[in-house]
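Below, each value reflects all heavy atoms present in this structure, side chains not excepted, and no hydrogens, waters or symmetry copies. In what follows, residues are counted from 1 in the order of the sequence shown. Note that the structure is predicted; figures quoted are calculated from it, not measured.
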Amino acid sequence: MESFSFRAKNEILDEIDSRPKAEACLLGILYTCKEFSPEGILFVTENEKTLQFFVRSINKICENESAVKVTHNKKTKSTVFTAEVDRENATRLFSYYKISEDFADNNYEKATLPKKKFLPQLFGGAFISCGSISDPNKDYHFELVFQNIALCNFFGLLIIENYGIIPKQTERKNSQVVYIKESENIEDMLTLMGAVNSSLEIMNIKILKDIRNKINRAVNCDNANIEKTLRASEKQIEDIELIESTIGFGELSEDLREIAELRLENPDYNLKELGQALSKPISRSGANHRLARISKIADDIRKKQGN
């Protein structure tokens, strides 16, 4: 079964409908490749659609149908594709994008950026290359994993400066991670990158979670009320049975006798239901008052028995 992250990446690729968008997306992938320098490029992915986009885009820029060499390694559950670009074609890409060769030494202030309106595709390419997103049914977590702190800071600042979203950063093993936990910010990032349906899916999941939580709270509240009613009912029945076994119902007034008999027959009724079930319905407080009078009679009996 395809993961949420896999579907979001494919959706981003599906929304690339022009050469400028494709080139901005490819640039995002290139910046986050396993290796990226004028000496050569190495890109690794398990997504065949991403691989096809990478190969097609580079071949078009380099005007060479063999600019990318692809190998694959079949794993137990998936196939890992490795795409390599040799020195000649890597140099062409650096020249095409007007990227300073110093960039390869982590000088990201010399990084080439697309026009601002195509920045979302740059982020989309980075996400496709080195990002992931958790299944929103389980957690809200969006991240980009970089090989060095300079590239991590570069993308983190781009997000802050252009979209006002403030991601967090952390180190994981030998990698640097930019991540977002707030669901609204994750929705915004997905929408920006072109994964609108994935963003809407998170919103719908949040709505369903909220509904389930409200239902659970209501059920818990109902259960608590039922338990409270039953505990009160047990005490009332105990009082009524004591009266019946000692002085008898004949000593009770008609209104108390009726509610006593009704309580014995309906131990699960709350006070409102009990009052409404009488021959002459009364309010919840009226039912409570009558039962309190019965409790007083029972307590008087206990006192006399104690003497």
Side-chain angles (χ1 to χ4, degrees), residues 1-33 43 45-58 60 78 81 113-146 152 154-169 177-214:
M1 182 179 178
E2 294 178 352
S3 67
F4 182 84
S5 190
F6 183 91
R7 295 197 305 274
K9 291 180 180 182
N10 283 352
E11 188 181 359
I12 290 169
L13 289 172
D14 288 339
E15 292 302 311
I16 295 175
D17 54 8
S18 70
R19 182 158 183 166
K21 288 183 179 179
E23 290 182 355
C25 183
L26 176 62
L27 186 59
I29 294 175
L30 290 171
Y31 280 170
T32 53
C33 277
F43 176 56
T45 181
E46 294 182 11
N47 188 326
E48 190 169 359
K49 191 169 188 173
T50 298
L51 174 72
Q52 291 170 354
F53 171 80
F54 182 81
V55 172
R56 183 173 62 251
S57 299
I58 288 181
K60 186 176 292 185
S78 61
F81 300 97
L113 291 175
K115 292 181 179 179
K116 187 167 183 176
K117 67 178 180 179
F118 298 120
L119 277 178
Q121 283 71 46
L122 178 83
F123 288 118
F127 174 66
I128 287 168
S129 172
C130 70
S132 65
I133 183 169
S134 300
D135 181 347
N137 286 293
K138 300 175 182 177
D139 188 22
Y140 302 121
H141 185 87
F142 170 98
E143 69 176 31
L144 301 172
V145 182
F146 302 100
C152 184
F154 172 67
F155 272 92
L157 286 172
L158 277 179
I159 294 172
I160 294 170
E161 291 171 356
N162 289 279
Y163 304 113
I165 295 171
I166 304 177
K168 295 181 176 64
Q169 292 185 211
V177 183
V178 165
Y179 68 95
I180 301 171
K181 298 291 286 185
E182 301 80 9
S183 60
E184 293 83 1
N185 289 338
I186 294 173
E187 291 162 14
D188 288 345
M189 283 301 299
L190 288 172
T191 300
L192 282 166
M193 295 186 297
V196 177
N197 290 332
S198 296
S199 179
L200 290 173
E201 187 174 342
I202 292 179
M203 294 180 196
N204 289 333
I205 288 171
K206 284 168 61 180
I207 291 170
L208 289 175
K209 282 183 178 179
D210 185 55
I211 292 172
R212 282 197 296 266
N213 288 337
K214 286 180 179 177

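At least one side-chain heavy atom of Leu158 sits less than 4.5 Å from a side-chain heavy atom of Leu122. In this structure, the side chains of Ile29 and Phe43 come closer than 4.5 Å at one or more pairs of heavy atoms.
The heavy-atom pair separating Cys25 from Leu13 by the smallest distance is SG-CD2, 4.4 Å. Contact between Glu11 and Val196 at its shortest, heavy atoms only, is OE2-N, 3.1 Å. The minimum heavy-atom distance linking Pro120 with Leu192 is given by the pair CB-O, 2.9 Å. Among all heavy-atom pairs drawn from Leu27 and Pro114, the shortest one is CD2-CD, 4.1 Å. Between Val145 and Glu143, the closest heavy-atom pair is CG2-OE2, 3.4 Å.
Of the options Lys21, Glu15, Met193, a side chain to side chain contact (heavy atoms under 4.5 Å, CB included) to Gln121 is made by Lys21 and by none of the others.
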Under 3.5 Å donor-acceptor pairs involving side-chain atoms of residues 124-134, not counting sequence neighbours:
residue : atom : partner : partner atom : Å
Ser129  : OG   : Thr32   : O            : 3.3
Ser129  : OG   : Thr32   : OG1          : 2.9

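Under a cut-off of 6.0 angstrom, the local environment of CD1 in Ile166 is sparse, with at most 12 non-hydrogen atoms contributed by other residues, nucleotides or ligands. Counting heavy atoms of neighbouring residues, nucleotides and ligands inside a 6.0 Å radius, atom NZ of Lys206 exceeds 12 of them.
Under the 30°/60° scheme for interplanar angles, the aromatic rings of His141 and Tyr179 are found to lie parallel.
Proximity of the aromatic rings of Phe154 and Phe146 is defined here by a centroid distance below 6.0 angstrom, and this criterion is not met.
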Walk me through it: do Glu161 and Lys116 pass the test salt bridge (charged side-chain N to carboxylate O under 4.0 Å, His left out)?
-> CA-CA 11 Å; Glu161 291 171 356; Lys116 187 167 183 176; over 6 Å; no
Going through the checks in order, is the salt bridge (charged side-chain N to carboxylate O under 4.0 Å, His left out) test met by Lys168 and Glu182?
-> CA-CA 11 Å; Lys168 295 181 176 64; Glu182 301 80 9; 3.5 Å; yes
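In this structure, Lys9 is not positioned above the aromatic face of Phe53 in the sense of NZ or CZ being under 6.0 Å from the six-membered ring centre and within 45° of the axis.
Looking at Arg7, its side chain never comes within 3.5 Å of a backbone N or O of Ser198 through a donor-acceptor pair.
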